[in-house]
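Take a look at the structure set out below.
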Amino acid sequence: LTWSQGTIDLNALPNNGGAGTLVNAAGALFEATGDNIIGATGFADANTPAGVQRFDNQGTFRKSTGTGITSIGIAFNNTGTVEVETGTLQLSANGTDVGGTYQGSGRLQFTGGTRALDATSAVTVQDVAFSGGNTSVAGSYAVTGSTTINGGAANLSADNVALGNAVLSSGTLSLSGTASADTLTQSGGTLGGTGTLTVTGNATLSGGVMRDAGTTVLQGATSINGGGIGLDTSRVLRNEGTLTWSQGTIDLNALPNNG
């Protein structure tokens with residue numbers, strides 16, 4: 001199936017009861033060659049059971065050609081393969097991934113809903129953005145480009161997580177295992193969890209908080225400026241490189257009511 005333009009609406013008759021379900025079967029290919037939307041309008045149907053308006057991908061869903069955004073605004077459950085070859089694939093609703101993979105040289109963006117990727121799932125797409133909602137990844141996570149957290153919550157619980165260039169401006173990034181980043185830029189938001197994040201390259205810290213009983217290891221050149229950085233709830237910030245503190249506050253009790 002090739003989807004080149006137009007909207008796929010799974011609730012096209014909102015006052016007629018029920019909604020639609022889209023299934024891409026195992027072994028099948030669903031290719032999006034344009035920058036379009038899969039959604040559901042209305043939701044005025046009293047007879048629509050929860051979870052009916054959804055897209056179940058059991059085969060391969062591929063975003064190709066379009067350099068803009070392809071948006072899936074209904075529940076998206078992935079037990080197959082998602083290939084983001086160009087542009088951005090945006091997931092803005094709930095979903096469950098069991099053994100699903102996300103790969104390619106494009107960008108994957110989570111913008112809303114609650115999503116859980118199980119321990120057999122894998123994320124290797126070049127760039128990932130967490131912009132809203134609550135996304136938990138228990139499987140492997142190895143990004144070669146960038147991981148951006150600018151809203152919502154990202155919970156990565158596996159070991160050997162590779163963030164690429166990590167950028168945190170708002171929202172929360174929580175790490176439970178070992179993780180690495182090529183660079184780290186934190187201007188806001190919260191870096192938390194009990195895991196250890198090792199930044200092998202340069203880091204810039206100008207705002208936000210690091211919390212929980214984890215450790216952030218800085219191995220390259222680090223600059224603390226702007227508003228500085230806050231630490232609390234047993235967080236350890238370990239400098240193993242060269243750290244330059246030019247402005248801002250280093251607050252070791254940034255969350256005074258949280259222990």
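Residue numbers start at 1 and run along the sequence shown. Values below: all heavy atoms of this structure, side chains included; hydrogens, waters and symmetry mates excluded.
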| message | Do Leu117 and Val123 make a side-chain contact, defined as non-hydrogen atoms from C-beta onward lying under 4.5 Å apart? | response | yes
| said: Is it the case that the side chains of Tyr141 and Thr124 hold a donor-acceptor pair, with the cut-off being a distance below 3.5 Å and no angle test? | reply: no
Please report, to 0.1 Å, the donor-acceptor pairs under 3.5 Å made by any side chain of residues 202-213, with sequence neighbours excluded.
from: Asn202; atom 1: OD1; to: Ala221; atom 2: N; distance (Å): 3.4
from: Asp212; atom 1: OD2; to: Gly193; atom 2: N; distance (Å): 2.9

| query | Between OG1 of Thr21 and CD of Gln53, what distance do you get to the nearest 0.5 Å? | reply | 7.5 Å
| said: Could you tell me if Thr216 and Arg235 have a donor-acceptor pair between their side chains, going purely by distance under 3.5 Å? | reply: yes
| said: I'd like to know whether Thr81 forms a side-chain contact (heavy atoms from CB on, under 4.5 Å) with Tyr102, so could you lay out the CA-CA distance, the side-chain angles of the two residues, the decisive distance to 0.1 Å, and finally the verdict. | reply: CA-CA 6 Å; Thr81 300; Tyr102 294 85; over 6 Å; no
N/O donor-acceptor pairs under 3.5 Å from side chains in residues 82-89, not counting sequence neighbours:
from: Glu83; atom 1: OE1; to: Arg62; atom 2: NE; distance (Å): 2.6
from: Glu83; atom 1: OE1; to: Arg62; atom 2: NH2; distance (Å): 3.2
from: Thr86; atom 1: OG1; to: Thr65; atom 2: N; distance (Å): 3.2
from: Thr86; atom 1: OG1; to: Gly66; atom 2: O; distance (Å): 2.7

| Glu31: what forms a side chain to side chain donor-acceptor pair (under 3.5 Å) with it, not counting sequence neighbours? | Ser64
| query | Out of Asp97, Thr135, Asn94, which one pairs with Arg115 under the side chain to side chain donor-acceptor pair (under 3.5 Å) rule? | reply | Asp97
| query | Which distance, rounded to the nearest 0.5 Å, do you find between the OG1 of Thr215 and the CG of Leu175? | reply | 11.5 Å
| message | Before you tell me yes or no, could you show the steps for Asp56 and Asn24 under side-chain hydrogen bond (donor to acceptor under 3.5 Å, both in side chains), namely the whole-Å CA-CA distance, both residues' side-chain angles and the distance that decides it to 0.1 Å? | response | CA-CA 6 Å; Asp56 293 339; Asn24 188 42; over 6 Å; no
| request: For the residue pair Gln109 and Ser131, confirm or rule out a side-chain donor-acceptor distance under 3.5 Å. | output: yes
| Do side-chain atoms of Thr222 reach the backbone of Leu243 as a donor and acceptor pair under 3.5 angstrom? | no
| Nearest heavy-atom neighbours spanning Ser157 and Ser176 | CA-CB, 3.8 Å
| query | Should Val125 and Gln103 be marked as a side-chain contact (heavy atoms from CB on, under 4.5 Å) after you check the CA-CA gap, both sets of side-chain angles, and the distance that decides it? | reply | CA-CA 4 Å; Val125 68; Gln103 60 191 42; 5.7 Å; no
| task | Answer yes if the side chains of Asp182 and Asn165 hold a donor-acceptor pair under 3.5 Å, and no otherwise. | result | no
| request: Look up atom CG in Asn36 and atom OG in Ser4, then write down how far apart they are to the nearest 0.5 Å. | output: 7.5 Å
| Do Ile250 and Ile224 pass the side-chain contact (heavy atoms from CB on, under 4.5 Å) test, and can you show the C-alpha distance, the side-chain angles, and the key distance before you say yes or no? | CA-CA 9 Å; Ile250 301 175; Ile224 297 179; 3.9 Å; yes
| Under a 4.5 Å side-chain heavy-atom rule over Ile, Leu, Val, Met, Phe, Trp and Tyr, are Val143 and Val199 clustered together? | yes
| message | Is there a path of hydrophobic side-chain contacts, each under 4.5 Å between heavy atoms, that joins Val98 and Leu22? | response | no
| message | Is there a path of hydrophobic side-chain contacts, each under 4.5 Å between heavy atoms, that joins Trp3 and Ile72? | response | yes
| request: May I ask whether Ile229 and Trp245 are part of the same hydrophobic cluster, defined by side-chain heavy atoms of I, L, V, M, F, W, Y residues being less than 4.5 angstrom apart, directly or through others? | output: yes
| Any side-chain heavy-atom pair from Asp118 and Thr96 closer than 4.5 angstrom? | no
| said: Quick one about Ser170 and Asn150 (side-chain donor to acceptor, distance below 3.5 Å, no hydrogens or angles considered), yes or no? | reply: no
| said: For Phe55 and Phe61, take the angle between the two ring planes, folded into 0 to 90°, and tell me which bin it lands in: parallel under 30, tilted 30 to 60, perpendicular over 60. | reply: perpendicular
| Do you see a donor-acceptor pair shorter than 3.5 Å between the side chains of Asn57 and Asn77? | no
| Are Leu163 and Val217 connected, step by step, through hydrophobic side chains (Ile, Leu, Val, Met, Phe, Trp, Tyr) whose heavy atoms are closer than 4.5 Å? | no
| task | Please round to the nearest 0.5 Å and tell me the distance separating atom CG of Leu108 and atom OG1 of Thr147. | result | 10.5 Å
| Taking every non-hydrogen atom, the tightest pair across Ala129 and Arg107 | CB-NH2, 3.2 Å
| Residue of the set Leu237, Asp251, Asn253 for which side chain to side chain contact (heavy atoms under 4.5 Å, CB included) holds with Leu231 | Leu237
| task | Start with the C-alpha gap between Gln58 and Val23, add the side-chain angles, then the distance that decides, and say whether side-chain contact (heavy atoms from CB on, under 4.5 Å) holds. | result | CA-CA 7 Å; Gln58 302 162 1; Val23 177; 3.9 Å; yes
| field | From CG (Leu197) to CZ (Arg238), nearest 0.5 Å | value | 14.0 Å
| note | Output for pair (Thr70 OG1, Ile38 CD1), nearest 0.5 Å, gives 8.5 Å
| request: Side-chain contact test, heavy atoms from C-beta onward, threshold under 4.5 Å: evaluate it for Glu240 versus Leu218 and give yes or no. | output: no
| request: Return the minimal non-hydrogen interatomic distance between Gly73 and Ala93, and the atom names on each side. | output: O-CB, 3.8 Å
| message | Give me the atom names and distance for the closest heavy-atom approach of Ser140 to Ala122. | response | OG-CB, 3.3 Å
